[in-house]
Protein chains: 2
Amino acid sequence: MNDLDDEIPEPADFGPLSGTVSYGIKRAYLRVIRDLEASLSPLGFTPPLLAALSIVAATPGIAPARLAAAMGHGRSRAAPLLDHLEGQGLLERRAGPDRRSIGLHATAQGRTALRRLKPVVAEHEARITASLSPAEAGALPVLLERLAPDNWAGRESS
Amino acid sequence: MNDLDDEIPEPADFGPLSGTVSYGIKRAYLRVIRDLEASLSPLGFTPPLLAALSIVAATPGIAPARLAAAMGHGRSRAAPLLDHLEGQGLLERRAGPDRRSIGLHATAQGRTALRRLKPVVAEHEARITASLSPAEAGALPVLLERLAPDNWAGRESS
DNA sequence: TATTGTTATACTCTATAACTATA
DNA sequence: TATAGTTATAGAGTATAACAATA
């Protein structure tokens, strides 16, 4: 507008977080989560609901505590998610190996929902990786897995 | 424990989000943000406070709305952050080019705090990239910048 | 005494809209 | 009428602690 603009220096180095992995991850997360939320919202899903149902469908009989751990949360985070999914008939809480344990199972309706969601997630993924070359888009999940391994498989010595 | 364990299938493919950039970013974000919070907490900082002070220090005179945009948020997110930082004497709100505008400036105390924070952030960064080779640790910020460009520099045509 | 699922609680983050002052 | 900063409000996400039932 006027010469006062000149008082704002050129972008250079804004200290501790300039160019860090940390800050890059944060920016990427904000972009990704917003796009995914917008993609899932018309179908009545949120990212955590999708993650929970996906993991249960792929791991019939998984316990709530283990599901929460796989998602990177504490035990108590599972209950409201499961209440919501069970209330919509997408999964069931059945008896587990213990009488104090519970086994989670996706219903036929839940599996159908996942099939419907799959292309939506694929489009989301294509959208966020559009600015990357195919090689880069392939390399990124590998780097991220090294940075923060998926503890879902996490079968301890047990 | 017993044969019931066999009912839980091997980890294979848990549907829509298996191996996606999206899910990898989410896992990485959770790990990074928790480590950074734990690192900054003893010094009375949080990740958003550090980001705000860093950007102000590197861009004297920046307006609150532009600071918020640089951090990927709406205008209203800036006020409580600035209240907190100003209350601790780390930055000042001064008159801007307009009488309705405000220019933000880090105080000497604020710049000192950033100097103290710098090694803490460097240690955090080293910790989260410890499982990556130097080449990978160098490549990751570039990929993330391509995925979600930093809009801080964002000098529009204006 | 430890573990599982759940509930209660509080706190943070975030988005939206409304309000005031200025342009 | 539009813009800048702020305030108010509400909602979602998360963590901690505490509870009841079972091992």
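Each chain gets a letter, A, B and so on, in the order its sequence line appears, and its residues count up from 1. Predicted, not measured: the structure shown is a model, and the values here were computed from it.
- C/dT12 atom C1' lies 11 Å from atom CD1 of B/I33, rounded to whole Å.
- Separating the CD atom of A/E86 from the P atom of C/dG5 is a distance of 13 Å, rounded to the nearest angstrom.
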Using a 4.0 Å cut-off on protein heavy atoms (strictly under), produce a 5'-to-3' string for nucleotides 13-23 of chain C with B for base contact, S for backbone-only sugar-phosphate contact, and - for none. SBSBB----BS
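- The CG-P distance, from B/L82 to D/dG5, rounds to 10 Å in whole Å.
- Remark: the A/R127 side chain and the A/S39 side chain contain an N/O donor-acceptor pair separated by less than 3.5 Å.
- Between the P atom of D/dA4 and the CG atom of B/L104 lies a distance of 14 Å, rounded to the nearest Å.
- The stretch residues 47-56 of chain A participates, sequence neighbours left out, in no salt bridge (Lys or Arg N to Asp or Glu O under 4.0 Å) pair at all.
- Within the 4.0 Å cut-off from OP1 or OP2 of C/dG5, not a single side-chain nitrogen or oxygen of A/R93 is found.
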B/M71 and B/I55: CA distance, side-chain angles, deciding distance, side-chain contact (heavy atoms from CB on, under 4.5 Å) verdict: CA-CA 9 Å; B/M71 295 177 65; B/I55 293 173; 3.9 Å; yes
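- For A/H84 and C/dT7, the NE2 to P distance is 16 Å, given to the nearest whole Å.
- Side-chain contact between B/F45 and B/L90 is present, with at least one heavy-atom pair separated by less than 4.5 Å.
- Residue B/A65 is in sugar-phosphate contact alone, with no base atom involved, counting any heavy-atom pair closer than 4.0 Å across all strands shown.
- Note: CG (A/L49) to P (D/dG13) measures 8 Å, nearest angstrom.
- The distance between atom CG of B/D83 and atom P of D/dG5, rounded to the nearest whole Å, is 13 Å.
- Here B/L143 sits in one hydrophobic cluster together with A/V21, A/I25, A/Y29, A/V32, A/I33, A/I128, A/L132, A/L140, A/L143, A/L144, A/L147, B/V21, B/I25, B/Y29, B/V32, B/I33, B/I128, B/L132, B/L140, B/L144, B/L147; the rule is ILVMFWY side chains under 4.5 Å apart, joined directly or through other members.
- Contact check for A/H105 versus A/R93: no side-chain heavy atoms found under the 4.5 Å cut-off.
- To the nearest 0.5 Å, the span separating CG on B/L50 from CG on B/L43 amounts to 10.0 Å.
- Checking D/dG5, D/dT7, C/dG5 against the side-chain heavy atoms of A/S101 singles out C/dG5 as nearest.
- Rounded to whole Å, the distance from CE on B/M71 to C1' on C/dT12 is 14 Å.
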